[in-house]
Amino acid sequence: MDKKRNLIIFGTRPEAIKMAPLVKEFQKNNSVFETKVCVTAQHREMLDQVLEFFEIVPDFDLDLMKPNQNLYSLTADIITQLKPVLEDFKPDYIYVHGDTSTTMSASIAGFYSGAKICHVEAGLRTHNKRSPFPEEINRQVTGRIADYHFAPTIQSKENLLNENIANDDILVTGNTVIDALLSSSEIVKNIDNTEISNLKKIIDSSKKIILVTGHRRENHGQGFINICEALKDIALSHTDVQIIYPVHLNPHVQKPVRDILSGIDNIKLIDPLAYPAFVWLMTQSYLIITDSGGVQEEAPSLGKPVLVMRDSTERPEAVEAGTVILVGTDKEKIVNEANNLLNDNERYNSMSALHNPYGDGKACERIVTFIQSL
Ligand code: UD1
Ligand code: UDP
């Protein structure tokens, strides 16, 4: 019997982290599947950090990233440069993840090629097409195109049912981010990691660590200025706190962050961390302040309270579980909520209970079993 041909396509750091366990799971089943990996390299260094850690060597690398790239040319380049890959490999199934430009463009190209499109992390919605921008539209378009929808939670399945997607084409799997988190937490325990040793040298373990990440396009400009002003305020008014901020490589993030936050003693601006070091740093943190989607999913599993610098979230489960509070990019609100958590133990304890709304680490197994059964 001919093997089913799978092509797993991704391009940015979070897609790579969340697709790596799926690549591994398909590779375990290589008597049934021929699985290849194509990276658009929408990200470069931040993607390569993940590929290296999970030991994934792409079969196709489009190497597309340009400094300060724009959505128009990025989208067009992904679609046109995937054409020869799809014509060469002729996949039966194409797997895309989440909501990036790579996701949407690869779905369109894959649809043109005639392959079945499988959407991992399907059904997340804010129903506000400008927030997150352009991710909400990326995932809605991908949802229209996809043949099979791997929804992380019941709520995300319900969103798809409300859009008249057939029940049989949706599988609730849990989020593959938890598969990645559980496997890497084990690996982190057993590796001699230089990056973690270097982090230990800059962390002041007598202080409460606040871990910060941020990159959302809708926060660029005034949003980031407000965020940085808030962080400065928190650092200057709490000498018992140390803020560690691995700064995203996007120039629209680098500039305000470095302009406003450089030179403050208890703020450390560092380069993006490889995934195991970042997981380790999350475990050492008292509080996380972020606008990241993935970090919102990982933190509840580690029992870390999160202030999310967004007005709405497509990940309501952790808000309902009480681990996440939305603070937007309003300086006062960020500072007030951080002060509450730094000063009020009862509030802190109620937010730092362990929750696992996003999965049990078996999402990829479920996806592979589903595809096998087709
Ligand atoms: C992208 C995704 C976003 C996702 C985020 C994860 C889109 C439109 N945006 O946003 O959904 O949440 O990735 O981090 O798909 N850069 C580097 N090296 C890297 C990565 C980025 O130098 O390894 C710089 C480059 O100048 C690049 C810029 O950052 O042009 C922006 O990258 P891009 O992928 O367009 O946007 P992100 O803000 O990273
Ligand atoms: N992450 C990482 N190194 C860092 C910051 C984040 O490996 O310095 C990981 C984090 O654990 C999560 C993912 O990157 O799994 C989130 O990526 P990002 O915030 O860039 O994108 P989003 O999830 O918002 O799409």
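Start at 1 and go down the list; that is how both ligands and their atoms are numbered. Excluded from the calculations below are hydrogen atoms, water molecules and symmetry mates; all remaining heavy atoms, backbone and side chain alike, are included.
- No donor-acceptor distance shorter than 3.5 angstrom exists from the side chain of K157 to the backbone of L171, with no hydrogens or angles considered.
- There is a path of hydrophobic side-chain contacts, each under 4.5 Å, that joins F89 to I117.
- Of the candidates E298, H97, R310, E121, it is E298 that places a heavy atom closest to atom 15 (O) of ligand 2.
- Ion pairing between E218 and R130 fails under the 4.0 Å rule for side-chain N and carboxylate O.
- Between E135 and R216, at least one side-chain nitrogen of the basic residue sits less than 4.0 Å from a carboxylate oxygen of the acidic one, meeting the salt-bridge criterion.
- Between V295 and ligand 2, no pair of N/O atoms sits closer than 3.5 Å.
- The shortest heavy-atom distance from R216 to ligand 2 is under 4.0 Å.
- With respect to atom 9 (C) of ligand 2, the closest heavy atom belonging to the protein is I17 CD1, 3.6 Å.
- Counting non-hydrogen atoms of neighbouring residues, nucleotides and ligands closer than 6.0 angstrom, the CD1 atom of I202 exceeds 12 such neighbours.
- Of the polar atoms of L273, at least one N or O is found under 3.5 Å from an N or O of ligand 2, judged by distance alone.
- Those atoms of ligand 2 with a heavy atom of G294 less than 4.0 angstrom away are 22 (P), 23 (O).
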Output, in order, the C-alpha distance, side-chain angles, deciding distance and verdict of side chain to side chain donor-acceptor pair (under 3.5 Å) for D204 and Q242.
-> CA-CA 7 Å; D204 182 344; Q242 189 185 35; 5.7 Å; no
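- The pair D169-K116 does not meet the salt-bridge criterion, since no charged nitrogen lies less than 4.0 angstrom from a carboxylate oxygen.
- Under a 4.0 Å N-O distance rule, the pair R139/E136 qualifies as a salt bridge.
- Under the rule for a salt bridge (Lys or Arg N to Asp or Glu O under 4.0 Å), D92 has no partner lying at least two apart in sequence or in another chain.
- For Y348 and Y286, the ring centers sit closer than 6.0 Å to each other.
- When non-hydrogen atoms are compared, ligand 2 lies under 4.0 Å from the backbone of S292 as well as from its side chain.
- Each of the atoms 8 (O) of ligand 2 lies under 4.0 Å from some heavy atom of P272.
- Taking the centre of each ring, Y93 and F33 stay at or above the 6.0 Å mark.
- For H215, a nitrogen or oxygen atom sits less than 3.5 Å from a nitrogen or oxygen atom of ligand 2, counting backbone and side chain alike.
- Follow the hydrophobic side-chain contacts under 4.5 Å out from I165 and you never reach V172; the two are in separate clusters.
- Among all non-hydrogen protein atoms, the one lying nearest atom 4 (C) of ligand 2 is R13 NH1, 3.2 Å.
- Among G98, S184, P14, the residue whose heavy atom lies nearest to atom 21 (O) of ligand 2 is P14.
- When only interatomic distances are considered, the shortest N/O to N/O separation between G293 and ligand 2 falls below 3.5 Å.
- Both the backbone and the side chain of Y275 come within 4.0 Å of ligand 2, judged by heavy-atom distances.
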Starting from the N and O atoms of ligand 1, collect every protein N/O partner closer than 3.5 Å and put each pair on its own line with the distance to 0.1 Å.
from	atom 1	to	atom 2	distance (Å)
ligand 1	11 (O)	E135	OE2	2.5
ligand 1	12 (O)	R216	NH2	3.3
ligand 1	13 (O)	H43	NE2	3.1
ligand 1	14 (O)	H248	NE2	3.0
ligand 1	15 (O)	Q42	NE2	2.8
ligand 1	15 (O)	S101	N	2.8
ligand 1	15 (O)	S101	OG	3.4
ligand 1	18 (N)	E45	OE1	2.9
ligand 1	23 (O)	R44	N	3.1
ligand 1	23 (O)	E45	N	3.1
ligand 1	23 (O)	E45	OE1	3.2
ligand 1	23 (O)	M46	N	2.9
ligand 1	26 (O)	N68	N	2.8
ligand 1	30 (O)	K66	O	2.7
ligand 1	30 (O)	N68	N	3.0
ligand 1	30 (O)	Q69	N	2.9
ligand 1	32 (O)	Q69	NE2	3.4
ligand 1	34 (O)	Q42	NE2	2.9
ligand 1	34 (O)	H43	NE2	3.3
ligand 1	34 (O)	Q69	NE2	3.3
ligand 1	35 (O)	Q69	NE2	2.9
ligand 1	35 (O)	R217	NH2	3.4
ligand 1	36 (O)	R217	NH1	3.1
ligand 1	38 (O)	N250	ND2	2.9
ligand 1	39 (O)	H43	NE2	2.6
ligand 1	39 (O)	H248	NE2	3.2

